[in-house]
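Because the structure is a prediction, the values reported are computed rather than measured.
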Amino acid sequence: MSGVIVTNPPKAELKDVDALARYGVATVSEAMGRTGLLGPDVRPVQQGVRVAGTAVTVLSWPGDNLMIHAAVEQCGEGDILVVTTTSPCTDGLFGELFATALKQRGVRGVVTNTGIRDTRELREMGFAAWSRAVSSQGTVKATGGSVNVPIAIDGQVINPGDVVLADDDGVVVVPRERVPETVGKSEAREAKEAATRAAFIEGQLGLDRYGLRETLKRLGVAYRTYEEYERERS
């Protein structure tokens with residue numbers, strides 16, 4: 001497998017990245033029309049952490065982390081490393097030593113479609129990580145791959161410079177050209193949810209706030225007292 005290392009790809013503006021970090025993965029995905037989510041198997045190794053950054057992408061051979069070493073050089077302030085392999089792999093391609101090098105360069109975290117190890121050390125050093133598996137299985141450094149090229153995880157295409165947002169609920173990718181628009185839509189959605197939350201605190205039901213009683217009626221869902229229900233069953 002030959003490959004390429006692309007240097008200096010265009011990236012989303014850091015101010016917009018930081019603006020997106022104010023919102024959760026669910027809010028941002030909804031703001032984009034329920035798109036951009038990686039699959040539910042890519043999970044955090046910590047809890048209570050939300051990070052957003054610009055993607056530095058890695059395409060590696062299964063069981064081989066050579067291209068992660070190459071990617072470290074391409075990483076800088078505000079980035080998130082995003083790793084996948086040419087075929088499924090759960091080996092521990094990423095661990096504490098990589099995190100040490102990346103943290104020194106201002107990288108905010110890693111999202112990998114493979115395995116990760118040294119999870120306790122990652123939590124202790126405050127380096128955020130999301131992975132498909134946790135595995136102590138080691139790797140080799142023997143096969144070429146690519147850095148800063150388009151990759152796909154769970155059918156979601158991730159280009160270098162796209163924004164990757166990750167929290168306890170998962171990971172969402174925002175295409176670079178859609179970032180400013182998504183910031184505005186996320187802000188509007190957050191304001192709408194705040195108003196709904198206040199209404200629920202005051203006792204309003206979702207059935208009434210969302211006009212769902214008519215939906216139930218249209219679908220033929222009927223209300224019955226317990227006695228009526230039991231009588232109809234007999």
Side-chain angles (χ1 to χ4, degrees), residues 12 14 16-58 75 77-84 90 92-96 98-100 102-103 106-136 151-158 162-175 178-179 182-198 200-201 206:
L14 202 53
D16 292 330
V17 176
D18 293 338
L20 270 182
R22 297 197 298 263
Y23 309 106
V25 165
T27 295
V28 170
S29 175
E30 292 279 358
M32 291 196 299
R34 299 181 180 177
T35 62
L37 289 172
L38 272 57
D41 292 335
V42 179
R43 303 299 303 151
V45 303
Q46 68 285 308
Q47 289 291 302
V49 174
R50 179 191 297 159
V51 297
T54 43
V56 173
T57 60
V58 180
C75 289
E77 189 69 37
D79 286 334
I80 287 183
L81 188 70
V82 186
V83 181
T84 193
T90 58
L93 266 67
F94 187 96
E96 176 262 336
F98 274 136
T100 299
L102 291 171
K103 190 172 183 179
V107 174
R108 297 176 173 179
V110 62
V111 172
T112 175
N113 196 30
T114 69
I116 211 164
R117 62 184 187 177
D118 304 329
T119 56
R120 177 178 177 178
E121 288 79 4
L122 294 178
R123 288 190 292 269
E124 288 175 348
M125 68 188 293
F127 191 84
W130 286 255
S131 68
R132 187 168 299 278
V134 173
S135 173
S136 295
I151 61 173
I153 298 177
D154 296 331
Q156 177 63 46
V157 176
I158 307 162
D162 286 349
V163 174
V164 176
L165 173 68
D167 62 17
D168 291 347
D169 293 337
V171 181
V172 65
V173 179
V174 183
R178 294 190 62 186
V179 172
T182 304
V183 170
K185 289 183 176 180
S186 298
E187 182 179 5
R189 183 172 181 82
E190 190 93 330
K192 181 180 178 181
E193 290 186 350
T196 300
R197 187 177 301 110
F200 286 172
I201 289 172

I'd like to check V82 versus V56 (side-chain heavy atoms, cut-off strictly below 4.5 Å). Are they in contact?
no
How close do T27 and R189 get, heavy atom to heavy atom, and via which atoms?
O-CD, 3.8 Å
State, to 0.1 Å, how close C75 and L102 come at their nearest heavy-atom pair, and which atoms those are.
SG-CD2, 3.8 Å
For the pair D118 (side chain) and G95 (backbone), establish whether a donor and an acceptor sit closer than 3.5 Å, ignoring hydrogens and angles.
no
For the pair D79 (side chain) and A55 (backbone), establish whether a donor and an acceptor sit closer than 3.5 Å, ignoring hydrogens and angles.
no
Check: R117 and V134 side chains under 4.5 Å, non-hydrogen atoms:
no
Working to the nearest 0.5 angstrom, can you tell me the gap between E96 CD and E124 CD?
9.5 Å
Non-neighbouring partners of T112 that pass side chain to side chain donor-acceptor pair (under 3.5 Å), sequence neighbours left out:
T114
Hey, could you give me the CZ/CD distance between F127 and E121, rounded to the nearest 0.5 Å?
14.0 Å
Should T35 and S29 count as side-chain neighbours, where that means a heavy-atom distance under 4.5 Å?
no
Run D162 and V174 through side-chain contact (heavy atoms from CB on, under 4.5 Å) and show every step you take.
CA-CA 6 Å; D162 286 349; V174 183; over 6 Å; no
Shortest non-hydrogen separation from F94 to L81 and the atoms involved
CE1-CD2, 4.1 Å
Is a salt bridge present between D169 and R43, judged by a nitrogen-to-oxygen distance below 4.0 Å?
no
What's the verdict on side-chain contact (heavy atoms from CB on, under 4.5 Å) for V164 and V171, showing C-alpha distance, side-chain angles and the deciding distance?
CA-CA 7 Å; V164 176; V171 181; 3.7 Å; yes
Between atom CD1 of I151 and atom OG1 of T57, what is the distance when rounded to the nearest 0.5 Å?
5.0 Å
Mind checking the NZ-OG1 spacing from K192 to T196? Nearest 0.5 Å is all I need.
7.0 Å
Are the side chains of V51 and I80 in touch, meaning some heavy atoms are under 4.5 Å apart?
yes
Under the side-chain hydrogen bond (donor to acceptor under 3.5 Å, both in side chains) rule, what do E190 and S186 come out as? Steps first, then yes or no, please.
CA-CA 6 Å; E190 190 93 330; S186 298; over 6 Å; no
Within the structure provided, determine whether Q46 and W130 are in side-chain contact (heavy-atom separation under 4.5 Å).
yes
Side chains of V25 and L37, heavy atoms from C-beta outward: is any pair under 4.5 Å?
yes
Considering all heavy atoms of both residues, which atom of S131 and which atom of V45 are nearest to each other, and what is their separation?
OG-CG1, 4.2 Å
If we only count heavy atoms from C-beta on, is the K185 to M32 side-chain gap below 4.5 Å?
no
Heavy-atom pair of closest approach, residues G24 and D167
CA-OD2, 3.4 Å
Residues in salt bridge (Lys or Arg N to Asp or Glu O under 4.0 Å) with R132, at least two apart?
D41, D154
Any idea which heavy atoms bring L38 and Q156 closest together, and the distance?
CD1-CG, 4.0 Å
Answer whether the closest heavy-atom distance between the side chains of D16 and V163 falls below 4.5 Å.
no
